Number of protein chains: 2
Amino acid sequence: MSSALAFEPFAPSAGRRPEKTEAILEAAGQLFREQGYGAVSMDQIARAAGVSKATVYAHFESKDRLFATMIQNGCSAYAQGVMPALTDMTDVRAALTEIARGIERFLLAPKTLGIYRVIIAEGPRFPELVNAFIEAGPLPFRKMLAEFFEAANRRGTLNVPNPILAANQLVWLVRGPLYLERILNISEATWAKQDVEEVVTSAVNMIMKGYAPETRD
Amino acid sequence: MSSALAFEPFAPSAGRRPEKTEAILEAAGQLFREQGYGAVSMDQIARAAGVSKATVYAHFESKDRLFATMIQNGCSAYAQGVMPALTDMTDVRAALTEIARGIERFLLAPKTLGIYRVIIAEGPRFPELVNAFIEAGPLPFRKMLAEFFEAANRRGTLNVPNPILAANQLVWLVRGPLYLERILNISEATWAKQDVEEVVTSAVNMIMKGYAPETRD
DNA sequence: GTCTATATTGTGATAGAC
DNA sequence: GTCTATCACAATATAGAC
């Protein structure tokens, strides 16, 4: 029923109207991200896209394939949106703060969290999808951050023995304190929420102090 | 179809065999955690538990209710297993290391991650379940860690302006670098995995340096 | 290609014997 | 309470007209 999905970026225009393909993908994406794979029917998708169910099947051979294509689409956006411009390296604190804000803006955005939700949920059933997701998003992002730390090492502005680990730490120092409350939509009454600015500032401080060049220990 | 679930710890022995209740819950728990709510049928659960489907319905009035009870069960285990004994406070580094190891052992265990997977996946459909989960697990754990940092403040061994934030940071400094690779079962080839000991040691270092008492900045 | 109407399978839930 | 056999329905997928 699954497990044999190809991952071309989706070949358009074999006679099909691109506008409808787009509408179907967008509707499916929103529904899947909000409600998950199992809870969404092809009828709902067709209705939300303003087409008939048969048309959906003319564009995508199965629900599995539509789901896979939607994730692929999201990953492309992920890979693009997640790459901030790291031009200015003169002020490390400023650069780290910029990166931290980018992490908050993108990795904690509802759309990104929706993709995470559905990838985590359906990962066991779609192993190839997990790999495609990792390679399109987290992996290049982690690499880019590691390169930032390596550059700081060369300049002597930081002392980072394991840049990959430091990249993960920075991501999760920002993301972690806000992750649960956002991906689970926790009510304010239940869970005292964290202040975004404080999370960002503190994360930058932790990295600066933890990897300060004049370490005596 | 959902949204009105009560959350008593499940009243047993209204004539039902406790052993079968247990078998059903265990089978359902494992299947739900591994495959998610939608992908598991009541037939599968009955077969895995070694009973008939009608028996499952004699013990649990619906699939929703069975799911909710299973999550509740998992949360109790969560609340118990997650609370380490924080007796010795003389050596802060040793205490932090012990806590960090506990985080790795419990919050990254397959069973815990399975509960997270299914909670994240079905959260939007079961809001009450999310609250119950938060109050049974993450909330008391965060509070306990925050109290640890407050105690360290009083002793002067650490200087932590926001103990709740610090608690989140410690959790995610350990959990974050290992989270994706474990909850998504990423293959070694795709994602260079982190070394557990290094993650733990570095997390403790970050906290110690970031919240050292003699801060000059 | 796109629609309406339909075939078919799987699944949540139940009736009735013991 | 537990089983076998069955219902009722929803959802994936398709046939056939245009």
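Quick note on labels: first sequence line is chain A, next is B, and so on, each numbered from 1. The shown structure was predicted, so the numbers you read here are calculated from the model rather than taken from an experiment.
Nearer the 5' end of DNA chain D, as judged by each residue's closest nucleotide, is the contact made by A:Y37, out of A:Y37 and A:A54. For A:M42 and B:V51, each mapped to the nucleotide of DNA chain D holding its nearest heavy atom, the one lying further toward the 5' end belongs to B:V51.
For the pair A:F60 CZ and D:dT14 P, the computed distance is 16 Å after rounding to whole Å. Separating the OH atom of A:Y57 from the P atom of D:dA13 is a distance of 4 Å, rounded to the nearest angstrom. One atom, CG of B:D64, and another, P of C:dG12, lie 10 Å apart when rounded to the nearest Å. Here the C1' atom of nucleotide D:dA11 and the CD atom of A:Q44 are 10 Å apart, to the nearest Å. With rounding to whole Å, A:R47 atom CZ is found 14 Å from C:dC3 atom P. The distance between atom CG of B:L31 and atom P of C:dT11, rounded to the nearest whole Å, is 13 Å. A straight line from CG of B:L66 to C1' of C:dG12 spans 12 Å, rounded to a whole angstrom. Atom P of nucleotide C:dC3 and atom NZ of A:K53 are separated by 13 Å, given to the nearest angstrom.
Relative to the side chain of B:K63, the nucleotides D:dC3, C:dA13, D:dT14 differ in distance, and C:dA13 lies closest. For B:D43, the side-chain atoms get nearest to C:dT11 when compared with the rest of C:dT4, C:dT14, C:dT11. Of the candidate nucleotides C:dG12, C:dT2, D:dC3, C:dT2 has the atom lying nearest to any side-chain atom of A:H59.
Residue contacts shown for A:V40 are limited to sugar-phosphate atoms, with no base heavy atom under 4.0 Å away. Backbone-only engagement by A:S41 is indicated by non-hydrogen atom pairs under 4.0 Å involving sugar-phosphate atoms exclusively. The residue B:K20 sits close only to the backbone: its heavy atoms come under 4.0 Å of sugar-phosphate atoms, none of a base.
Proximity of B:T55 to the phosphate of D:dT2: no side-chain N or O atom is located under 4.0 Å from OP1 or OP2.
Both the sub-6.0 Å distance and the 45° axial angle are not jointly satisfied by B:R142 relative to the ring of B:F148. Under the 6.0 Å distance and 45° angle rule, B:R33 does not count as a cation-pi partner of B:F67.
Using modelled atom types, no side-chain atom of B:K20 and backbone atom of B:A49 make a donor-acceptor pair closer than 3.5 Å. A:R65 places no side-chain N or O within 3.5 Å of a backbone atom of A:F60 that could act as its donor or acceptor partner.
More than 12 heavy atoms of other residues, nucleotides or ligands sit less than 6.0 Å from atom CD of A:E135.
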